[in-house]
Amino acid sequence: MTDTTITTPDETPGCECGALLDDGQTHCRKCLARDRWARRQTARLRAQRRRGATRRPPRDPHTAAARGVSWA
């Protein structure tokens with residue numbers, strides 16, 4: 001018989017909010033959802049501030065020949 005003892009880790013890994021994490025996790029489900037919401041909210045606010053008049057139409061022809069202008 002051996003006299004070895006198994007040492008347990010002093011501190012279990014946890015999220016910044018205090019929730020316990022499984023192996024391989026860095027944040028809990030609640031914190032991941034909160035971060036995702038914050039990123040979406042920032043994108044929404046940025047889209048609301050953008051003016052539509054400053055955006056150019058996609059694939060606008062650049063040359064007169066491409067627009068169908070005839071010089072004859």
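Hydrogens, waters and symmetry mates play no part in the numbers below; they use all other heavy atoms, side chains included. Starting from 1, each residue takes its place in the sequence as its number.
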Rounded to the nearest 0.5 Å, the OG1 atom of Thr26 sits from the CD atom of Glu16 at a distance of 9.5 Å
Does Gln48 have any side-chain hydrogen bond (donor to acceptor under 3.5 Å, both in side chains) partners at least two apart in sequence or in another chain, and if so, which? none
Give the table of side-chain donor-acceptor pairs shorter than 3.5 Å for residues 27-39, with sequence neighbours excluded, one pair per line with atom names and distance.
none

For Arg46, side chain to side chain contact (heavy atoms under 4.5 Å, CB included) partners two or more places apart: Thr42, Arg49
